[in-house]
Amino acid sequence: MGLWMIDMWPPSVFQEAVCYRNPALTADTLRDALISGSPVLQAQYEKYGPGEKRLLSEAFQPNSTIFRPVVVHSPSDWIPSHPELAETFQEFYEKSYRCIPRAQKKTIYVQTIGPFGESSSGTQAYIHWLKEYCQAFFFGLPVQIQGPVLISATGCAFRVNEHSQNLQIHAGDVLRYLKRVKPADALCIVGATMIDLYPRNSWNFVFGTASLTEGLGIFSFARYDDNFYSPDYRGRLKISQLLAPLDYSVFDCYYTPPITSTLLLRSCKTLTHEIGHMFSLLHCQWLGCVMQGSNHLEEADRRPLHLCAICLRKLQNALGFSIAERYKALLQWIEAGEDDAERGGACSQTQLHFPKPVEAFQDHRKWIRKCLSILGE
């Protein structure tokens, strides 16, 4: 049986904000988590260049503006709701099941499932942006988009959620489909859908799930629509009815969220978070990090786009990229979108005239520039 990570946002009632930081995460604790007490791993750390060590050491610098502490705002946040052990770099390095790219298995595949947006040109542009962002984030690995495939092609079960009255597809069934179609050269394959997910009949919904050992994952962007919990949400079925098990016509012309800058930002976070699990990155407990768990949309929006220093070292160890070149690729992804907006078009490779909405990425752009400055770039 594989090891799985599940990201779920159950309905929650926000309690009075408590806003605290973990006092146990001292500078020494963070230094040990990053560098380790192992002479072998310390020697590896010393191979980083001066700029790289300056950047990584921001993890244990008081009042760092690069790697900030996790701040818990509510008892409904992920850390108090789901106690997990924080994993050091050494514990990550010593795992027997770490995912490491090989010459014959190094491609990340993203399989789109079901409808994505109301216009075909917008859908193609959106998927193209996700692919390029993923390629910059997991720098050095090729990323391929599979599909799209119809919901019916997966043979999955589906239902109407009794609370939110929206359509949902069975996450486990989709994972079994992905396992069947996983290409031979795939390091991993992730399914992406705009349809809500559920893992079993007794659960309300699941946001996503990924295997740390089988290279499989599925996640949904459905609940990223700002209007999802509104009574006027267009994805609600107007007439409650029993659905025939194999009648997938209910998905014909089904509503999907409009593509906005906020949706793109949230999608990039989720895509990299779930694929990060496939590289054996657990939920981060150390610092503000895209690998933090999130229990609700407000907490997910607080989660940054970047990896903390400890998770960055983990991913860099697995992939072997240049930290500076990776940041440059991410910066180029954002700034290319700004150029697209100025020209009034985007996606030259696909010959689409659809500007990339990067307004929501401006804080991340400034953060990357700070990192490059520390790196001496």
Side-chain angles (χ1 to χ4, degrees), residues 5 17-75 77-98 212 273 276-277 279-295 299 302-324 326-327 364 367-368 370-377:
M5 298 297 295
V18 291
C19 292
Y20 68 88
R21 302 181 183 191
N22 186 347
L25 295 183
T26 64
D28 288 341
T29 302
L30 291 166
R31 183 184 292 106
D32 290 345
L34 173 67
I35 300 175
S36 141
S38 159
V40 172
L41 298 185
Q42 288 177 355
Q44 284 188 14
Y45 183 82
E46 289 305 315
K47 292 179 181 178
Y48 284 117
E52 292 172 323
K53 285 191 281 189
R54 275 198 306 273
L55 178 70
L56 292 171
S57 70
E58 285 285 326
F60 46 84
Q61 299 302 322
N63 304 315
S64 171
T65 61
I66 300 298
F67 300 116
R68 297 176 181 273
V70 177
V71 179
V72 175
H73 285 236
S74 163
D77 280 3
W78 182 272
I79 288 177
S81 300
H82 302 273
E84 297 171 295
L85 294 176
E87 182 187 67
T88 66
F89 174 76
Q90 182 172 343
E91 289 167 335
F92 167 83
Y93 185 83
E94 293 174 349
K95 284 179 179 176
S96 60
Y97 55 84
R98 280 200 302 137
L212 275 64
H273 176 100
H277 283 323
F279 285 98
S280 303
L281 300 180
L282 302 183
H283 285 130
C284 183
Q285 310 288 306
W286 298 110
L287 296 159
C289 181
V290 75
M291 292 309 300
Q292 287 171 231
S294 56
N295 229 21
E299 184 180 21
R302 272 190 266 124
R303 179 174 63 186
L305 270 167
H306 63 258
L307 292 167
C308 74
I310 296 163
C311 291
L312 177 63
R313 188 182 180 194
K314 292 175 183 179
L315 189 65
Q316 193 278 332
N317 178 264
L319 303 189
F321 51 69
S322 159
I323 293 175
R326 175 179 175 271
Y327 282 144
H364 189 51
W367 183 89
I368 295 173
K370 284 184 181 178
C371 291
L372 288 171
S373 177
I374 292 171
L375 287 163
E377 297 290 335

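We use all heavy atoms of the structure for the numbers below, so side chains are in, but hydrogens, waters and symmetry mates are not.
Contacts of Arg31 classified as salt bridge (Lys or Arg N to Asp or Glu O under 4.0 Å), with partners at least two apart in sequence or in another chain: Asp28. Remark: Glu94 engages Gln90 in a side-chain hydrogen bond (donor to acceptor under 3.5 Å, both in side chains) (not counting sequence neighbours). Here Asn317 pairs with Arg98 under the side-chain hydrogen bond (donor to acceptor under 3.5 Å, both in side chains) rule; sequence neighbours left out. With sequence neighbours left out, Lys370 forms a salt bridge (Lys or Arg N to Asp or Glu O under 4.0 Å) with no residue at all. Taking the salt bridge (Lys or Arg N to Asp or Glu O under 4.0 Å) definition, one finds that Glu87 meets it with Lys95, Lys314, sequence neighbours left out. With sequence neighbours excluded, no residue forms a side-chain hydrogen bond (donor to acceptor under 3.5 Å, both in side chains) with Ser38.
Taking all atoms of both residues into account, the shortest heavy-atom contact from Cys308 to Cys289 is N-SG, 3.3 Å. When all heavy atoms of Val71 and Arg302 are compared, the pair lying nearest together is O-NH1, 3.6 Å. Scanning all heavy atoms of the two residues, the minimum distance from Gln292 to Leu287 falls at OE1-O, 3.7 Å. For the residue pair Pro80 and Pro75, the shortest heavy atom distance occurs at CG-O, 3.7 Å. Gln285 approaches Ala86 most closely through the heavy-atom pair CB-CB, 3.6 Å. When all heavy atoms of Ala33 and Ile310 are compared, the closest pair comes out as CB-CD1, 3.7 Å.
Distance alone, capped at 3.5 Å, places no donor-acceptor pair between the Gln316 side chain and the Ser322 backbone. The backbone N or O of Leu305 sits nowhere less than 3.5 Å from a side-chain atom of His364 that would complete a donor-acceptor pair. At least one donor-acceptor pair under 3.5 Å links the side chain of Ser57 to the backbone N or O of Arg54. Within the 3.5 Å criterion, the main-chain N or O of Leu55 finds no donor-acceptor partner in the side chain of Glu58. Not one N or O on the side chain of Arg303 forms a donor-acceptor pair closer than 3.5 Å with the backbone of Gly288.
Between His277 and His283, the angle of the ring planes goes over 60°, which puts this pair in the perpendicular group of the 30/60° scheme. Aromatic ring pairs are classed by plane angle as parallel below 30°, tilted from 30° to 60° and perpendicular above 60°; the pair Trp367 and His306 is parallel. Between Tyr45 and Tyr48, the ring-plane angle classifies as perpendicular under the 30° and 60° cut-offs.
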(request) Show your reasoning for whether side chain to side chain contact (heavy atoms under 4.5 Å, CB included) applies to Leu25 and Val70. (result) CA-CA 10 Å; Leu25 295 183; Val70 177; over 6 Å; no
(message) With side chain to side chain contact (heavy atoms under 4.5 Å, CB included) as the criterion, how do Ile323 and Leu375 come out once you've worked through the C-alpha distance, each side chain's angles and the decisive distance to 0.1 Å?
(response) CA-CA 9 Å; Ile323 293 175; Leu375 287 163; 4.1 Å; yes
(request) Using the side chain to side chain contact (heavy atoms under 4.5 Å, CB included) rule, take Leu282 and Met291 through it: C-alpha gap first, then chi angles, then the decisive distance, then the call. (result) CA-CA 7 Å; Leu282 302 183; Met291 292 309 300; over 6 Å; no
(request) May I have the step-by-step check of side chain to side chain donor-acceptor pair (under 3.5 Å) for Glu377 and Tyr327, ending in yes or no? (result) CA-CA 10 Å; Glu377 297 290 335; Tyr327 282 144; over 6 Å; no
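For Trp286 and Phe89, the gap between ring centers reaches or exceeds 6.0 Å.
The line from CD1 of Ile35 to OG1 of Thr88 is 12.5 Å long, rounded to the nearest 0.5 Å. With rounding to the nearest 0.5 angstrom, the CD atom of Glu91 is 13.5 Å from the OG atom of Ser280.
Side-chain contact between Leu312 and Arg326 is present, with at least one heavy-atom pair separated by less than 4.5 Å. Residues Cys371 and Ile66 have side chains in contact (heavy-atom distance under 4.5 Å, counting atoms from C-beta outward).
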